[in-house]
Each structure stands twice: as structure tokens, then as C-alpha cells.
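The structure appears below as C-alpha cells.
To find a chain, count down the sequence lines: A is the first, B the second, and so on, and within it residues start at 1.
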Number of protein chains: 2
Amino acid sequence: MPDQPAAPGPSSRGPAPHGHVTLSDVARYVGVSAQSVSNALNNPQRVAPETRDRILAAVRDLDYRPNRSARALRNQSSRLIAVKVEPSRDDRAALLLDQFLHALAESAAGAGCHLILCQADDPADEIKAYRELLHTTSVDAFILTSTHRDDDRVGALREWGVPFATFGRSWDGDDELAWVDVDGRAGIAAATGHVAAQGHTRIGFVGWPLSSEVGRDRRTGWQETCESLGLDAGRHAEVVDDFDQGRRAAHALLDAPDAATALVCSSDTLALGVLRALSERGLRAGPDIAVTGFDNSPAAALTTPGLTSLRQPLEQVAQDLVTAVEDLLGDASPRRRHTLLDPELVVRESSLRGPLPVGGHPQKENP
Amino acid sequence: MPDQPAAPGPSSRGPAPHGHVTLSDVARYVGVSAQSVSNALNNPQRVAPETRDRILAAVRDLDYRPNRSARALRNQSSRLIAVKVEPSRDDRAALLLDQFLHALAESAAGAGCHLILCQADDPADEIKAYRELLHTTSVDAFILTSTHRDDDRVGALREWGVPFATFGRSWDGDDELAWVDVDGRAGIAAATGHVAAQGHTRIGFVGWPLSSEVGRDRRTGWQETCESLGLDAGRHAEVVDDFDQGRRAAHALLDAPDAATALVCSSDTLALGVLRALSERGLRAGPDIAVTGFDNSPAAALTTPGLTSLRQPLEQVAQDLVTAVEDLLGDASPRRRHTLLDPELVVRESSLRGPLPVGGHPQKENP
DNA sequence: GGAGGTGTGTTTAGCGTTAAAATCAATGTG
DNA sequence: CACATTGATTTTAACGCTAAACACACCTCC
């Protein structure tokens with residue numbers, strides 16, 4: 001047994017000749033068994049304080065980092081969370097994914113996890129890709145986005161017994177599902193209330209087909225607000241999330257007699273289409289017709305006039321998703337299974353009669 | 001030794017009681033050693049054709065998938081590529097990252113690799129994060145974006161001897177570096193040529209500070225084109241990539257006597273700022289002043305009027321980057337170390353005197 | 001003074017894979 | 001017929017880590 005430790009100093013035994021510093025390098029350095037080093041790091045209470053300190057000092061001295069692959073192999077757990085990246089279309093304004101991924105990566109890092117990307121072109125492929133990841137990499141958990149009623153992915157993951165959380169609530173009232181979502185109804189209600197406060201009484205709505213629960217939810221936000229304010233809720237259109245569809249819907253709504261003077265939209269994409277329609281009709285967004293969107297995409301901030309929109313608290317969403325997954329991983333039942341967050345209204349020129357009050361800076365209202 | 005194979009059919013021996021199918025499961029099933037199964041998969045020429053076929057059939061029967069962690073541990077290589085995600089700002093139009101990541105994930109999947117995300121707030125953190133990844137996960141390679149002269153990250157990675165490729169060329173003429181980039185100069189030249197073809201003779205430029213090589217490169221594209229067309233290249237501004245800076249720059253340029261009638265911009269963000277300035281002056285983008293951007297962000301497509309811009313071929317960039325790191329991983333020297341791709345001009349209303357020729361559809365011109 | 005903790009440490013074993021060495025049979029060669 | 005040569009396959013060992021079992025000293029308590 002080699003027991004010539006005693007001589008500290010990083011030079012006594014270089015941090016492994018060719019590869020990385022391993023547990024046994026540290027063990028040899030301190031003069032204990034590898035297991036003790038492992039314990040000092042993972043079960044500190046199992047090793048005597050004095051030894052533990054010596055070990056931890058050595059860990060710092062040698063700059064030891066546990067090897068993830070070895071850990072994963074041994075523990076059957078990789079601390080890797082899989083997320084799918086969408087094939088982003090440039091005809092959509094909302095590239096939330098981008099911000100979302102960053103926020104997610106940050107939260108995951110805080111939990112000692114990493115994100116691994118997964119890519120698929122259709123839902124069937126996606127499930128296959130998930131299976132592949134599970135089989136090969138021992139991915140620990142999944143985070144799903146934009147789930148819908150009877151989502152096959154949810155079914156598959158649950159069947160496999162893998163921890164996962166979704167950005168998007170369980171519309172079929174699945175109480176077991178861990179989800180985080182943004183309250184679209186409240187957001188749209190806030191936007192509707194905002195334009196009403198600007199003096200508009202004929203407020204229209206351009207939203208998504210009612211076959212999507214999100215579409216229904218958002219329209220409800222508009223409808224309820226109108227009704228509670230004693231306003232007519234008859235002016236609305238339901239179209240798919242597409243710039244040109246928004247544009248056409250706006251034309252149709254504005255062609256009607258006694259037309260709306262404000263249009264609340266389900267997305268920035270639709271709202272930007274509406275802005276285009278206004279321009280085509282020689283109308284000014286803001287002074288003539290108020291317009292609001294949803295998602296606070298870069299396009300909303302940078303278009304002219306600025307588009308009033310609703311910012312989703314993606315950082316919080318990401319944080320809560322990671323927390324949920326972490327809880328599931330630690331087999332503890334989640335502290336909170338469902339989280340519904342409020343979006344934040346970001347007011348810009350498109351919904352104001354005059355210029356922005358505080359020069360240039362958008363004004364924020366929390367609903 | 002259990003040798004009751006002979007009975008195929010997926011029911012004979014379930015795919016492992018609780019866990020996954022392992023090499024030895026397959027081996028037992030066929031009646032050979034685990035090593036032979038490994039060989040059949042990785043060194044087919046080493047096993048007799050007849051045995052190999054039986055093994056491969058079993059692999060299919062049992063749906064065997066090699067365990068990535070075990071492989072990574074054994075081979076010291078994880079087939080994981082790290083990419084940093086930027087803390088995307090919503091005051092920037094170009095969220096390329098989104099599309100880029102998707103394309104990258106797709107290309108990586110084609111090479112049997114996965115992407116692992118990495119997140120950092122400043123360059124020092126980033127290097128630390130890279131080191132951490134290397135130490136712990138045996139990440140195989142890195143892909144860097146927006147590299148600049150004397151990039152510390154490049155230095156660090158090279159020092160560690162890790163394979164990596166960059167999106168962004170080596171501006172300091174580092175021939176060893178494997179990079180892929182988009183030819184900003186050619187792109188800007190195409191945009192400049194395009195507005196000149198619309199009859200503009202006083203073409204201005206709003207770009208980035210010349211301290212950035214990309215900024216210099218793009219301005220050169222404008223300048224050279226002006227000069228080759230016999231136009232004055234005196235109207236220009238250099239500002240950081242910010243909406244409001246673009247707006248101010250436009251006001252300044254348009255206040256000048258004998259002002260520009262066209263403004264070519266280094267980014268969509270700046271161009272959108274310019275559009276705002278035009279609106280503030282009661283000028284129409286297109287009929288009055290031609291404007292072009294760079295990146296073909298969603299905002300460019302969806303703003304009104306549509307912003308003429310340059311689309312970066314991100315799919316190709318991603319593909320080439322993955323090919324490059326793949327080559328580096330296979331210790332073979334890259335087939336091609338440097339790739340310079342041309343962006344594609346996407347013409348919209350902002351650079352046209354009248355409406356778009358083909359109703360609604362942007363017209364594409366490849367420079 | 002043995003039976004039972006308790007606290008600290010070590011040894012053993014194995015996660016799934018694969019390079020390298022070892023085995024064994026079949027095939028030349030002098 | 002002894003003796004390399006080749007080819008197919010198996011055995012061994014190791015990648016780095018940690019749960020579980022084990023060893024040992026030191027208490028404590030009837």
C-alpha cells in the first residue's frame with residue numbers, strides 16, 4: 001500500500017498523467033480508500049469531521065470532478081433532462097423557445113442538471129426519439145412544451161414511468177400531471193381591460209380555433225371581460241396562428257358595419273397581421289384602432305408602432321419546471337404539481353391614442 | 001450455462017425484467033459471449049458471417065440499444081456536443097439561435113450525437129462552464145458562436161486539446177481553426193446592389209462599430225459596391241446593435257443635406273430602428289426611403305412594411321459545423337477547415353418603390 | 001465479561017461496455 | 001509429425017463510481 005501522502009502540494013502527484021483526476025487519485029493523495037472520498041462528498045455525515053476536511057481539501061487541491069458517465073452508469077441516473085427543440089418557422093413571431101431554453105438551462109444548472117436536445121419532425125418521431133434517449137443515454141427526465149388534450153407523448157412517458165413536467169397545463173383535468181402554464185385567459189382579460197380603459201367600447205378579438213383549448217381559454221378571457229364591462233362580445237374571428245390569417249381576419253372584422261375600434265389578439269403573429277391590415281386600410285394602430293398581441297416577441301417590441309403585448313414569465317416557468325422535475329426525480333412528490341403564472345402586460349403605442357407617456361420606454365402593467 | 005436460446009420470438013425472454021436490454025442479455029439469447037455481440041456491432045469483420053447474422057437478428061429481436069453511459073465510460077467519449085445558449089435579449093430582432101439549434105440538433109442526430117446545452121453569463125463563466133463539462137461529462141466537442149479576434153474561448157479549448165468548431169471565422173487568420181461563417185460582406189453587397197438597382201444613388205449605411213471585424217466586413221461590402229457603381233460612400237454611421245441607436249442614426253443621416261434615399265443596415269435590429277425613425281419623420285419605407293436589414297428575423301417578415309433582409313443559411317451552417325467536429329473527432333483532419341456561405345437576399349416592401357411584384361410572397365435573390 | 005450498540009473506515013462487487021490478451025480449433029509447411 | 005499461421009471466439013481486465021457488506025475499535029449496560 002502506497003502511503004507516502006503527508007507531502008501535500010500540487011506537485012507531489014500530478015493530477016493524473018494523461019486523463020482526469022479520479023476518486024482514487026484523491027484517495028491515494030489523502031491516504032484513505034476511494035469509498036471514503038466518495039462518502040465525504042455524497043454522505044458527509046458518514047466520515048469523521050477531521051478526515052472529511054482533509055479529503056475535501058484534497059478535492060480542492062487536485063481540482064477533482066466526479067466523472068458523470070461513471071456516475072450515470074453506477075447510479076442509473078444521468079442528471080440529464082431532455083427537451084425538444086421546435087423547427088421554428090420564420091412566419092411566426094414568437095420564438096419563445098430561445099429565451100425559454102436559456103432560462104431552462106440556467107435553472108437546470110442550478111439543480112446540477114444539464115439539458116440535452118432532442119429533435120423530431122412529427123409526434124410519432126418525437127416519441128421514438130424519447131424512447132431512444134431513454135434506452136441509450138439514461139436521460140432522467142423530460143420537459144414537454146405545448147401539450148394538448150390526449151397528448152400521446154404524455155401517455156407514453158407515463159407508461160414508461162419516466163419523470164416529466166410539461167409547459168402547458170393538462171386540459172383533460174389530469175391531476176397527476178406536473179405542469180406549469182401561463183394564464184392566457186387572465187392575460188387576454190388584462191389586455192381587454194386595458195383597451196377598454198383607453199375608452200374603447202367596441203372591442204373585437206382575433207384568436208385561434210376553438211378546437212384548441214388554449215384558443216378557447218384565451219377567447220374566454222376576452223369574452224368575460226367584455227361581458228363584465230357591459231360590452232358587446234360579438235366581434236371575433238377564429239383563425240390558425242398565421243400572419244396572413246390575422247391580416248384577413250382584421251379586414252373582415254373592420255369591413256363589418258359598426259366595426260370594432262380595438263382588436264385583442266391571441267398572438268403577436270396574428271396581431272402583426274392585423275397591423276398590416278390596418279396599414280393597408282390607411283388606419284393608424286393606436287390612434288384609430290387599438291391592437292394587442294401575446295408573447296411579447298422581439299417583433300412586438302421592434303415593429304412600428306410598437307405592439308402592446310403580454311410577456312410570459314419564462315424564467316419563472318423554467319424554474320418551476322425544473323423544480324417539478326427535480327422533485328419527481330427525488331421520488332418525493334412535487335411540492336406543487338400545478339403552477340399557473342400571470343403574464344405581464346407590456347403597453348406600447350399600438351394600444352394608445354397618443355404617444356407613450358414615458359418617452360420610449362414601454363410601460364408595464366401587471367394584471 | 002443457460003443455453004436454451006433456439007426459441008426466438010420476442011416473448012421467450014422479455015426485454016429484461018426491470019431495466020434495459022444489455023449486451024449480455026443479447027449474448028445469452030444467442031449463446032455467445034458478450035464480446036462477440038459487441039464485435040458484431042462495432043467490428044463486424046471480426047466475427048464469422050453466420051454468427052454475425054444470428055447476433056444482429058437477436059439485437060433486433062430484443063431491441064437492444066447500447067448504453068451510452070457505459071460506452072462513454074469505457075471509450076472516454078460521449079458523443080455529446082456542447083453548445084452555449086445566449087441569454088437572448090428581447091430588444092434584439094435576430095434570434096437566430098432558435099433556428100440554429102434546431103438545425104444543429106438535426107445534423108448532430110444524423111451523426112449519432114446529441115447536443116448538450118451550456119449556459120453562462122460572461123466569457124469567463126463560459127470558459128469555466130466548458131471546463132466543468134469537460135471534467136465531468138466527457139463532452140466530446142464544442143461548438144462556439146460569434147467568435148471574435150483573440151477569443152479566449154478558442155485559446156482555452158485549443159490548449160485543452162478538445163475538438164471544436166466555430167460559427168464565425170477566425171479573424172486573426174488562424175488557419176488551424178475549423179470554422180463556418182456567412183459572408184456578410186457579400187450579403188451587404190447584394191443588398192446594396194439591390195437598392196441601387198431600384199434606382200437609388202445616395203445609399204447610406206448603418207452598421208456596427210469598426211472595432212468588430214464583422215462590423216468592418218459588412219461595411220466593406222457596402223463601400224465596395226458603392227465604389228464599383230460610382231456612388232458616393234460618404235453616408236454612414238457606426239453604432240452598437242440596438243434599436244434606438246439605429247433610430248437615432250437614421251435621424252442623423254436624414255438630417256444631413258443631400259441625405260441618403262436608401263439605408264442598408266447591418267442587422268434587422270438596426271433596420272427596424274431605422275423604420276421607426278422614418279415613421280417619426282412621416283416618411284414611407286419603400287416609396288420614400290429604401291431600407292434593408294440582415295438576418296431575416298421573424299420581425300423582418302412580420303413588420304409593416306415588410307423588411308428586406310438577408311437570410312443566413314443556418315441549416316447549412318449547422319450541417320457543416322457538425323461535419324467539421326465529426327471529422328475532428330475521428331482524428332481525421334477535416335475535409336474542409338473553412339466554409340464561407342452566402343446569405344440570401346429576401347426582398348420585401350421596405351426596399352421597393354411600389355408593392356411586391358408577386359402578391360404577398362417575398363421574392364428571393366441569391367447574390 | 002460477554003452481548004449489544006455506534007461510529008469510522010475498508011473491501012467487495014458490479015453498473016455495461018470494449019481493448020487486449022488468451023484460448024482453441026483448423027490449416028498449412030518443412 | 002512437430003510447429004508456426006491464421007481465424008473465431010472467449011476470458012480478463014478496466015473505465016470511475018458507489019451501495020452494501022464487512023471489519024474493527026470503542027463505548028455502554030446489565
Side-chain angles (χ1 to χ4, degrees), chain A residues 1-3 5 15-55 59 62-79 112 134-138 140, chain B residues 1 3 15-55 58-59 62 64-79 112 134-138 140:
Chain A
M1 284 141 214
D3 51 8
H18 44 287
H20 296 159
V21 182
T22 77
L23 257 193
S24 18
D25 289 331
V26 180
R28 201 167 20 243
Y29 183 87
V30 182
V32 296
S33 73
Q35 184 61 48
S36 291
V37 180
S38 169
N39 284 337
L41 291 169
N42 304 317
N43 296 80
Q45 79 287 356
R46 281 201 192 162
V47 1
E50 191 262 345
T51 330
R52 198 187 56 213
D53 292 346
R54 273 181 22 216
I55 294 178
V59 163
L62 301 180
D63 193 25
Y64 165 76
R65 295 277 183 282
N67 178 311
R68 266 191 131 89
S69 306
R71 244 192 197 171
L73 179 58
R74 176 66 238 230
N75 297 345
Q76 308 285 5
S77 128
S78 57
R79 302 205 71 82
L134 264 185
H135 270 47
T136 61
T137 332
S138 27
D140 279 358
Chain B
M1 284 138 216
D3 51 7
H18 46 285
H20 295 158
V21 182
T22 77
L23 259 191
S24 18
D25 289 333
V26 180
R28 200 168 20 244
Y29 182 87
V30 182
V32 296
S33 73
Q35 183 62 46
S36 291
V37 180
S38 170
N39 283 337
L41 292 169
N42 304 319
N43 296 80
Q45 78 288 357
R46 280 200 195 164
V47 340
E50 191 262 345
T51 329
R52 197 187 56 216
D53 292 345
R54 273 181 22 219
I55 293 178
V59 163
L62 300 180
Y64 165 75
R65 294 276 182 285
N67 178 311
R68 267 191 131 90
S69 306
R71 236 184 204 179
L73 178 59
R74 177 66 237 228
N75 297 344
Q76 308 284 3
S77 126
S78 57
R79 301 205 72 80
L134 263 185
H135 270 47
T136 60
T137 331
S138 26
D140 280 359

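A distance of 8.0 Å separates OG of A:Ser69 from CD of B:Gln76, quoted to the nearest 0.5 Å. We find the CG-NE2 distance between A:Asn67 and B:His135 to be 11.0 Å, quoted to the nearest 0.5 Å. Atom CZ in A:Arg28 sits 10.5 Å away from atom CG in A:Leu62 (nearest 0.5 Å).
With A:Asn75 contributing its side chain and A:Ser77 its backbone, the two residues share no donor-acceptor pair below 3.5 Å. Judged by distance alone, with hydrogens and angles left aside, the side-chain atoms of B:Asn43 form no donor-acceptor pair with the main-chain N or O of B:Gln45 at under 3.5 Å.
For B:Ser36, the side-chain contact (heavy atoms from CB on, under 4.5 Å) criterion is met by B:Val32, B:Ser33, B:Ile55, not counting sequence neighbours. Every residue two or more places apart in sequence or in another chain that forms a side-chain contact (heavy atoms from CB on, under 4.5 Å) with B:Asn42 is listed here: B:Ser38, B:Arg71. Partners of A:Ser78 by side-chain contact (heavy atoms from CB on, under 4.5 Å), not counting sequence neighbours, listed by chain and number: A:Ala72, A:Leu80, A:Asp140. With sequence neighbours excluded, the residues satisfying side chain to side chain donor-acceptor pair (under 3.5 Å) with A:Asp63 are A:Arg65, B:Arg131.
B:Val26 places a side-chain heavy atom less than 4.5 Å from the side chain of B:Val21. Residues B:Tyr64 and B:Asp25 have side chains not in contact (no heavy-atom distance under 4.5 Å, counting atoms from C-beta outward).
Straight-line distance from the CZ atom of A:Arg79 to the P atom of D:dG16: 22 Å, rounded to whole Å. Rounded to an integer number of Å, the gap from CG of A:Asp25 to P of D:dG16 is 8 Å. For A:Ile55 and D:dC17, the CD1 to C1' distance is 15 Å, given to the nearest whole Å. In this structure, A:His20 places its NE2 atom 12 Å from C1' of D:dG16, rounding to the nearest Å.
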Would you list the protein and nucleotides 24-28 of chain D atom pairs, both N or O, that sit under 3.5 Å from each other?
none

Below 3.5 Å is the cut-off: list the nitrogen or oxygen pairs between protein and nucleotides 12-15 of chain C, distance only.
residue: C:dG14; atom: N2; partner: A:Arg74; partner atom: NH1; Å: 3.1
residue: C:dC15; atom: O3'; partner: A:Gln76; partner atom: NE2; Å: 3.2

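Taking five base pairs at each end of the helix from C:dG1-D:dC30 to C:dG30-D:dC1 and finding the rotation axis that steps the C1' atoms of four pairs onto the next four gives two axes whose angle is 70°, to the nearest 10°.
Closest heavy-atom contact between B:Ala58 and B:Val30: CB-CG2, 3.3 Å.
Scanning residues 38-52 of chain A for heavy-atom distances under 4.0 Å to DNA chain D yields A:Ser38, A:Asn42.
Pairs passing the salt bridge (Lys or Arg N to Asp or Glu O under 4.0 Å) check and including a residue from residues 39-50 of chain A, sequence neighbours excluded, read A:Glu50-A:Arg54.
Not one side-chain nitrogen or oxygen of B:Arg71 sits closer than 4.0 Å to the OP1 or OP2 atom of C:dG16.
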